[in-house]
Each structure stands twice: as C-alpha cells, then as structure tokens.
Number of protein chains: 2
Amino acid sequence: MSDARADDAGGAGDAGGAIAAGGAVAAGRAAAADTPAAAPRPTLAAVARRAGVSPSTASLAFNDSGPVAGATRDRILAAARELGYDGPDPRARSLRRGRSGIIGVVLEESLRDAFRDPMNVVMLDGIADVTGPSGNSLLLLTETAASRASLVEAPIDAVVLFGCSPSVDSKVEIVQRRGIPVVSIEGRPLPGVLDIALDNREATRALAEHLRTLGHERVALVTLELDRDRRRGILTGPRIDAATSFTALERVRGAQEVYPDVSGFATLGSTIEEGRIAGHALLADARARPTAVIAQSDLLAAGVIRAAVELGLEVPRDLSVVGFDGVRIDDPAAAGLTTMVQPALDKGRAAGRGVLELLAGGSPQPVSFTSAFRRGSTTAPPRQPRP
Amino acid sequence: MSDARADDAGGAGDAGGAIAAGGAVAAGRAAAADTPAAAPRPTLAAVARRAGVSPSTASLAFNDSGPVAGATRDRILAAARELGYDGPDPRARSLRRGRSGIIGVVLEESLRDAFRDPMNVVMLDGIADVTGPSGNSLLLLTETAASRASLVEAPIDAVVLFGCSPSVDSKVEIVQRRGIPVVSIEGRPLPGVLDIALDNREATRALAEHLRTLGHERVALVTLELDRDRRRGILTGPRIDAATSFTALERVRGAQEVYPDVSGFATLGSTIEEGRIAGHALLADARARPTAVIAQSDLLAAGVIRAAVELGLEVPRDLSVVGFDGVRIDDPAAAGLTTMVQPALDKGRAAGRGVLELLAGGSPQPVSFTSAFRRGSTTAPPRQPRP
DNA sequence: CTGAAAGCGCTTACAG
DNA sequence: CTGAAAGCGCTTACAG
C-alpha cells in the first residue's frame, strides 16, 4: 500500500517536453519593460472632454443610470469609440460602489483535490448558477498559506466556505469584521455565518440502521479525510477526537449512534483508489473481516467494492457496502450502490441565494438539507458464519 | 441512446428537501436594510488620526513599504487594534496600485462540464501553483452571456483562456485594449495572445500511424465536443467544417493525415458515458464495424472499451482503442490504454509563468508542449476478416 | 436633461 | 523617519 498520492492525474512530470517556439510576441506591450502601465488607456474623463460633456453625464451614458439625451449619448459613444474606450475601469468602479462583483469561494484543499470530488464541483456550479446572472463571478481561494493572504486582501463582496476546518476561523473573523457576509456549506456552525447544512449524521445513522436491520454486527467505516494531516490509517478514538473535518466527523457520529464501537479506516479523500486501499486494509484478514462497510462517499464505496472483488469476495453476498452522495459513478462495480442521495446542486444554489440576500442587506435563515435513502443492490443480510 | 445530459452528478433535483431551520441570524448586519454599507468600517485615515500620525506613515506601517520608527509603528498598530481595523481596503488599494491580484480564467463551458475533464482541473492547479505564491487568485469566468459581462467588468490583471472558441474573440479584444495580458492554452492562435500549445495534431497523427502500422484500415474517430451546439452524432464533413473547438479539430486533422477519409462520432465532451454512447453507435452494426477507434480522450476511450465489452467484443483482439491525455482512469476497462500522455500540469504552470512575466512587463515567448506516446495493451493488429 | 462638487480609501513620489 | 499633496477613475446625490 503506497503512501504516495493515489492519483496523479495528468501524470505530466515526465511526459512531454516544452519547446519555446520562436516568433510571436506577447500581448500588445511592445517595449515597455520599465513602464508598468504600458499604454495610457483612456479614461471616462477623457471621453467626456472630447464629447464636450461632463464626466457625470458620460458616466450616466455608460451605465444607463440616468436620463441622457439621445444626441448627447451618441456623441459620448462616438468619442469613446474614437479614443478606444471600452467602458469604466472595474477597479475604480468597485471602489466607488463598494462592490466588486466577486464572491470568494474558500476550499479546504488544493484545487485539484477539491475538484476531484464531484460534489464540490456540482455545488460550485450551483453557486454560479444563482449568483452569475446578477454579474457575480467566483474567486477560488484555498486554505494554503499564500491564499490566506488573498482571503483578506482580495476585493470580495462575500465568501462561501466549502466545508472548511476551524483553521480558517481567524481569517473569517477578519472578513466578517469587514462587513463581508460569510456563508458556510456543511461547516461547523460559526457565529454570524449563514449555515447551509446537510443531515450528515442522521443520513449516516439511517444507513447504519439499514445494515443493523439486515442483521450486520461487524461493520467498518471508511472515512473521508479527517484532518489536514494527510495520513491514512486505522480509525482510532484519538484520531476521531483530533478530526477537524466537520462533515467526516458528523458521519462518523451517525454511524456510532447505531454501532457505538465501530472502527474502520481513514482515507485521504474521496476517490475510488482511496476506497480500494481502505478496502484491502479492512478485508485482507479473513478472520477479522467485517460483514458490512459504511463508506463516507460513493467513490470510496466503489473502491471498497473493487477491493472486495479483487479479494474474491462477492457483494453483497460476502460483504455489504453503502456509500454517500448519490453520484453517478462511472464504475460498473458501483452500479446500484445503496447510498444516501444528497442534493449537492441545491446546496450550492441555496448558498448562492444566501449570498445574494446577505448582499442585499437581508437576513436569510440557515438552510438544512436532507439526503434521501436509495436502496441499491450492494446490501444484503450477512452470510451465516461457516455455513 | 438518450439525448439528455449523460451525467447528472449530484442527481439532486428530486433527492432531498430543504428545510429552513429557525434560529441563527446572518452575518453581522442587524437591521440595515437601507444602508448598503452596514457598519461604517474604520479607514486607514481614522487609524492614522487616532495614532497621531499621517495617513502616509500609517500606510507605510501596514505595508512594510518604507522606514517607520518602531515606536510609531506600535502606536499605529495599537490604534488599528482599538478601532478594529484589519488592513487596507482591497478595492482602494487595487485602484491606486492598478493591480487587483486577480487572474481571470475563461472556461468554454459551465463549471461543471469544464471540471469534469481532469485535464482542466490539473491545468488550473498548475496555474494556481505558479501564480498563487505572489498573492494572485483565480477568478472563474465562463463563456455564458452573463459572464461575458464579467470578463469586461471584473477587476482582473490578466486572463487565461482555456481552449476557448472564437466566440470570445471580441471580448478578448476589449480586454487586450485595456492592456490586460492574455494567455491562451490550446487555443486557436490569436494576435497579441501568448500561446501555450500542445501538439494535438502531431500526437494524434502518431496514434493513427501506430494503428496504420498494425495494419488497421477501418478506423473511426470519437471526438470531443466540436462546438457549442451540444449535439451528438455522426462525424460528417460539414460538421467538421463548422467545428469551433480548436483542440478537437486539430486532433481530427492529425487523424486525417493518416486516414484522409476517417469518419466517426462526435460527443458532448470527455466522459466515460459519452464514450460509451459513441462506442455503441459505432460498433452496433457488425458489418460496418471499424477495427480501431481513435478516441480524443482517455475517458472517451474507456467508454468505447466498455461499449465494446457490452457488445461482446474483446479489446484488442476484436477492436483496438487509443485515447489521449494519459490520465489515470479509475476504470478497469481502461487500464493499460494506448494513449498520448500530455503534460497538463506543466501546461498550466507555463500559462501561470506567462501571466507573471507579462504582468512584469516582459515579453515571454510562446510555449509548445509535446505529448509522449505510451503503448498500452489496447492495440493490436486487426483480426483477419472471417478467419 | 446636464454639470460642479465631493469623495470612495488608499499609495506614492516628493520634501523636509 | 515623517507629513502634505496629489491622484488612481469613477459614481452619486445635489443643483440647476
């Protein structure tokens, strides 16, 4: 079981070589090595001057924000065309208006890790869905040291936290003190932060109860990343106590409500390969083998099933497996997974709506989403011991 | 073969219900429905006043950008603490400095579609890798009507185009006229735009030659999305002529260099499911069946292989399949794929470096990456007809 | 319908 | 080491 990162998508490193092709020269900056602002671009004031109007009127013309005579407008637009002016400078506008049209999205991990989880992508899409039409764009911020600075220094109007750990709390405080609204998806509830929650604990309990009803006694957990440590391994009490990932922890708790002494394996995140590694760790020893596995995501579940198959086990005859998310997985082994279907897109949309309401000065209520049990064909009663 | 979107990750829609939980109230804005800027946050000027220094000195203290006596600095910092001032307003700073620290990333499709392709995620990560350390963050912009506006109205210092179609050209022109550097990854070369290229045509030709050498005569293509039409279907001449996706088109051309009359199937994008659909379309009719398929991505290739298996064909005995990208695919069917490995992370990094150099006033040269042939176990000589 | 005035909050030469 | 001055480019009440 390698300790290296499981998936090296792109596997570039040693792949192709880069060749600096000769010829073309870069973006319209001839030889202005010492002039930071290359060509002195025209300003609204210049356009107004040329059109023979005041800057105020020119501004109105460009923003449709007041009554301007047709002829005047034409003159202004013509002047702009002649000068090569394409509209107000966003930086000045955002200072003046107090709004930048940018919403920061704080992800716990690297972009690559975050987007490997389809749930995150779908949620992001949901946020963009709702906030895009009013002219907002999303700024990607990760929890690394460098972008911590950006969280405080970026001109953002609002922030959405993606299941972030407490380590961002201090930065979030600063952001809040600045009057920037904060929305958190599946995070540990924070004061003054609009919470978009998922019933992780209850949903997992439902899965556990399903297994209990089927008669399973020896159940193991395969968890998402528990903390920033990036360590795989047996799920121990201390490990759980030290966990910083609220979502993973809630799901552990839900399982414990049915199986108080449940053990298992902690992975590095939601991928099939991680699930496979966990599966081998849990299933290798035939004598200590669980009869059912609660995986904290569908991808992990798919990996566990693959490991089971590799070990010659049949699902669900020899092993029951449940997942979480309800994502359509491109893996035959995971077809028909018993799982909880969570409304990821709706979660993203709710977060987006929350942002918009907060920005409008409203006081939106926290929202709580529930997952739906979907019984598939990966769970069955345990086989009688030594038939 | 359904015409609906192949993958509905999150499958939310009908999944869980939202319940507005009572209780908590949103981010520190009590009852300021009419005051856009809720709490009047302290400014640098206020801090300076309280500390008994000039704004200039206070600014220097906060930016470490000049010599400030230790005692003075302490006084300023203390005043800031008392007032709850956490640093300069990013909007004002960016107007004054002419830099926002934001790099726009323009994606051709919805976020969800774009991030379904692991290559895009890895490239994004590469850009962030290189640009993040100097305090830059990435702003996600898609080609939809709404965010076209953002491309022009967002306070971005530079733009990276992700294989964008000509439809963005006009907006890009405006951006360029503003003096904003533009870098394009695998795009149709545009004047004044720094080009980060991949040898799509040559790489595909190499794959085609590999098949030709093996003896294949009846070869079919499975392409990426050719245009914004979102239509699947047989790859026809007119369809190719109307294509707007430079990458897909270059890969078609590379295949044509070896198989001038090559036909095939156009998909909606790089997913296993799309490949599967294409595979069924191409392989269903045993009499018209190709002996080899050139899929324009590994994911598509995996889908084709799955379709082949479903039709009772054996790869590579009955059908050879090649992919593109060199991504590690979590699908047993695609293990050992013959493909071209492209350096996606390096492409992203090169784009990031290009942005940084352009921002520094330099004139970076275009960069051209090459893919590496990786022979797997999915290609073999064609079976003799009717043995 | 148009203009003069003020100011968003900061940073940067430039003097001292 | 510190301060006075100017200005980044725009928008918004407010008069007219």
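Proteins get letters first, then strands, A, B, ... in listed order; numbering begins at 1 in each.
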Inset, instruction - State whether a side-chain donor-acceptor pair under 3.5 Å links B/Ser56 with B/Ser59. - result: no
Legend entry - Of A/Ala45 and B/Gly70, the one whose closest DNA chain D nucleotide lies more 5': B/Gly70
Inset, instruction - Apply the test side chain to side chain contact (heavy atoms under 4.5 Å, CB included) to residues B/Asp86 and A/Val152: give CA-CA distance (whole Å), side-chain angles for both, the deciding distance (0.1 Å), then the verdict. - result: CA-CA 9 Å; B/Asp86 297 292; A/Val152 172; 5.7 Å; no
Inset, instruction - Select base, sugar-phosphate, or nothing to describe what B/Thr72 touches, counting heavy atoms under 4.0 Å on all strands. - result: sugar-phosphate
Inset, instruction - Name the closest nucleotide to the A/Ser59 side chain, picking from D/dC1, D/dG9, D/dT11. - result: D/dT11
Legend entry - A/Leu95 CG to C/dG7 C1', straight-line distance once rounded to whole Å: 9 Å
Inset, instruction - Grab the CZ-P distance between B/Arg41 and C/dC10 for me, whole Å please. - result: 8 Å
Inset, instruction - Using atom CZ of A/Arg99 as one end and atom P of C/dG9 as the other, report the distance to the nearest whole Å. - result: 14 Å
Legend entry - D/dT11 phosphate, OP1 or OP2, under 4.0 Å from A/Arg93 side-chain N/O: yes
Legend entry - Selection from D/dC1, C/dG3, D/dT11 that lies nearest to any side-chain heavy atom of A/Arg97: D/dT11
Legend entry - Gap between atoms CG and C1', on B/Asp86 and C/dC10 respectively (whole Å): 16 Å
Inset, instruction - Identify whether any heavy atom of B/Pro88 sits under 4.0 Å from a base atom; if not, whether one sits that close to sugar-phosphate; answer base, sugar-phosphate or nothing. - result: sugar-phosphate
Legend entry - Salt-bridge present (A/Asp89, A/Arg41; N to O < 4.0 Å): yes
Legend entry - Side-chain N or O of B/Ser94 closer than 4.0 Å to phosphate OP1/OP2 of D/dC8: no
Inset, instruction - Classify the angle between the aromatic ring planes of B/Phe115 and A/Phe115 as parallel (below 30°), tilted (30 to 60°) or perpendicular (above 60°). - result: parallel
Inset, instruction - Let me see the working for B/Arg93 and B/Asn63 under side-chain hydrogen bond (donor to acceptor under 3.5 Å, both in side chains), right down to the final yes or no. - result: CA-CA 11 Å; B/Arg93 189 209 289 255; B/Asn63 291 291; 3.1 Å; yes
Inset, instruction - Check the distance between D/dA13's C1' and A/Leu60's CG and give it to me in whole angstrom. - result: 11 Å
Atom pairs, protein N/O to nucleotides 4-6 of chain D N/O, distance under 3.5 Å:
{"from": "D/dA4", "atom 1": "N7", "to": "B/Ser56", "atom 2": "OG", "distance (Å)": "3.3"}
{"from": "D/dA4", "atom 1": "N6", "to": "B/Ser56", "atom 2": "OG", "distance (Å)": "2.7"}

Inset, instruction - Counting Watson-Crick and G-U wobble pairs only, both distances under 3.5 Å, name the nucleotide matched with C/dG16, or none. - result: D/dC1
Legend entry - A/Asn63 CG - C/dT2 C1' separation (whole Å): 16 Å
Inset, instruction - Salt-bridge test for A/Arg112 and B/Asp129: reply yes if a basic N is under 4.0 Å from a carboxylate O, no otherwise. - result: no
Inset, instruction - With heavy atoms under 4.0 Å as the rule, sort A/Phe62 into base, sugar-phosphate or nothing. - result: nothing
Legend entry - Gap between atoms CG and C1', on B/Asp89 and C/dT11 respectively (whole Å): 13 Å
Inset, instruction - For B/Arg49 and D/dT2, give me the distance from atom CZ to atom P, rounded to whole Å. - result: 19 Å
Legend entry - B/Thr57, nearest nucleotide to its side chain (from C/dG9, D/dT2, D/dC10): D/dT2
Legend entry - Side-chain ion pair, B/Asp157 and A/Arg91, N-O less than 4.0 Å: yes
Legend entry - Heavy-atom donor-acceptor pair, B/Ser100 side chain to B/Pro155 backbone, under 3.5 Å: yes
